[in-house]
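First listed ligand is number 1; within each ligand, the first listed atom is number 1. FYI, side chains are in, hydrogens and waters are out, and symmetry mates aren't considered; it's all heavy atoms of this structure.
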Amino acid sequence: MNVLVINCGSSSLKYQVINSESEEVLAKGLCERIGIDGRLVYQPKDGEKEITEAPMPTHTEAVRMVLDALVNPDTGIFQSLDEIEAVGHRLVHGGEKFAASVLINEEVITAVEECSDLAPLHNPANLIGVRACQEVLKDVPMAGVFDTAFHQTMPKEAYLYGIPYEYYEKYKARKYGFHGTSHSYVSKRAAEFLGKPYDSLKTIVCHLGNGSSICAVKNGKSVDTSMGLSPLEGLIMGTRSGDIDPSAIEFLAKKENLSLEEMLNVLNKESGVYGISGLSSDFRDLDQAVSEGNARAKTAREMFCYRAAKYIGSYAAAMNGVDVICFTAGVGENDGKVREMICSYLGYLGLALDSEANKKRGEETVLSTPDSKVTVLLAPTNEELAICRETVALLK
Ligand code: AMP
């Protein structure tokens with residue numbers, strides 16, 4: 001089955017076409033600057049990357065341009081659009097309503113709209129992508145795969161905040177967690193790779209990218225994760241602060257004369273390793289700067305690793321042990337120095353990193369020594385493939 005996987009943001013749309021039998025990516029790319037001017041990037045499996053500047057006033061034009069590229073007589077991968085048999089949409093926030101992926105119908109769209117106050121930037125944009133596909137692809141079945149769904153198994157003691165209970169009852173204010181598709185995919189893959197049963201393994205997945213989160217997976221179920229009601233909680237990230245005393249927010253808002261909204265913008269977009277280093281949110285730039293003696297870049301990287309190690313320690317406690325620690329996403333898959341710095345805090349778990357193996361990048365590899373009590377795994381994530389598999393499973 002050929003599945004079009006869509007990840008739609010407010011002004012961008014990423015896509016992949018995956019054949020579910022071979023799990024091969026037939027084409028991929030993105031539309032950028034939707035509603036501003038418009039730019040399509042299209043990369044077929046065996047062809048050159050094409051970039052086309054063209055007006056995209058709305059997501060509907062963006063979807064049309066992607067589909068036109070897929071059936072282009074010269075560079076397309078399909079003869080006709082009938083060859084697209086399903087669409088899988090990444091949906092960010094499913095609240096407490098969705099503990100699994102779903103086939104999209106009007107009822108589902110209404111329920112996702114109802115979760116929009118929990119994710120005001122993401123959910124409306126995701127639904128614009130759904131509507132645009134419905135308009136152009138008419139009767140092709142569509143699935144919604146939620147970032148939050150995998151974490152719906154967390155127990156109350158993990159997901160409730162220490163605030164008046166009525167706020168949970170009235171507004172569903174609680175920890176939800178994100179990157180669920182990645183945490184689920186990587187933890188399953190780790191069990192397969194190690195030849196261990198998924199339902200009796202204690203795994204900690206470190207999804208370290210531009211957005212970062214850590215998840216404790218016990219016997220195949222998420223039991224805790226570092227992101228919260230929104231993706232702002234938890235680790236120090238590329239531009240997000242992660243955990244911070246709420247009183248510091250009031251203190252700084254008064255000092256800087258900023259509104260709550262402006263302060264949250266600072267915490268989401270101007271903080272993290274970018275804010276600390278004053279340089280970049282990209283670890284490649286930070287690593288370069290550290291090697292040139294930049295002290296703030298060094299502090300930023302140290303803070304990032306220290307916070308990650310603290311979360312790993314707390315999840316080892318939450319699960320009363322840990323068998324496997326996985327590193328995934330842009331930083332986790334590529335930055336051996338960051339992995340080494342995080343693991344340097346974890347000797348008390350009996351963890352020993354193999355420094356030679358830790359030189360690997362982007363390839364499934366055991367990074368721990370044979371006598372290490374915890375297996376450390378470099379496990380590349382693949383959220384698009386996970387969405388494709390979920391979509392096909394729903395249609396079977
Ligand atoms: P992601 O959000 O998973 O796409 O990860 C993006 C981030 O991965 C970038 O911002 C970089 O900080 C990081 N990254 C990608 N490649 C490397 C690399 N070779 N070394 C260090 N960090 C990298």
Inset, instruction - Would you verify whether the NZ or CZ of R174 falls within 45 degrees of the ring axis of Y168 while also being under 6.0 Å from that six-membered ring's centre? - result: no
Inset, instruction - Taking the six-membered ring of F251 (Phe, Tyr or Trp), confirm whether the NZ or CZ of K254 is under 6.0 Å from its centre and within 45° of its axis. - result: no
Inset, instruction - Between S182, S280, G330, flag the one that comes closest to atom 23 (C) of ligand 1 by a heavy atom. - result: G330
Legend entry - Proximal candidate to atom 18 (C) of ligand 1 [heavy atom criterion; set N210, D285, N334, V331]: N334
Legend entry - H207 to ligand 1, any heavy atom closer than 4.0 Å: no
Which ligand 1 atoms, with their elements, are less than 4.0 angstrom from a heavy-atom of [X]?
| X | result |
| --- | --- |
| A329 | 3 (O) |
| G209 | 1 (P), 2 (O), 3 (O), 5 (O) |
| R361 | 19 (N) |
| D335 | 21 (C) |
| F283 | 11 (C), 12 (O), 22 (N) |

Inset, instruction - Starting from atom 15 (C) of ligand 1, find the nearest protein heavy-atom neighbour and note its residue, name and distance. - result: R284 CZ, 3.6 Å
Legend entry - Which residue and heavy atom of the protein sit nearest atom 11 (C) of ligand 1, plus the separation: D282 OD1, 3.3 Å
Inset, instruction - State whether the shortest distance between N or O atoms of L208 and N or O atoms of ligand 1 falls below 3.5 angstrom. - result: no
Enumerate, atom names and distances included, each donor-acceptor pair closer than 3.5 Å involving a side-chain atom of residues 190-197, sequence neighbours excluded.
unit_1 : atom_1 : unit_2 : atom_2 : d
E192   : OE1    : R189   : NH1    : 2.5

Legend entry - atom 4 (O) of ligand 1 within contact range, any protein heavy atom under 4.0 Å: no
Legend entry - No-hydrogen, no-angle side-chain donor-acceptor test under 3.5 Å, S280 and D282: no
Inset, instruction - For side-chain contact (heavy atoms from CB on, under 4.5 Å), just list the numbers for L258 and L252, CA-CA rounded to whole Å, side-chain angles, deciding distance to a tenth of an Å, and then say yes or no. - result: CA-CA 8 Å; L258 296 176; L252 291 172; over 6 Å; no
Inset, instruction - Please identify each residue that fulfils salt bridge (charged side-chain N to carboxylate O under 4.0 Å, His left out) with E24, with sequence neighbours left out. - result: K45
Inset, instruction - Please check if the side chain of N126 supplies one atom and the backbone of C8 the other of a donor-acceptor pair under 3.5 Å. - result: yes
Legend entry - Other residues, nucleotides, ligands: >12 heavy atoms within 6.0 Å of E169 CD: yes
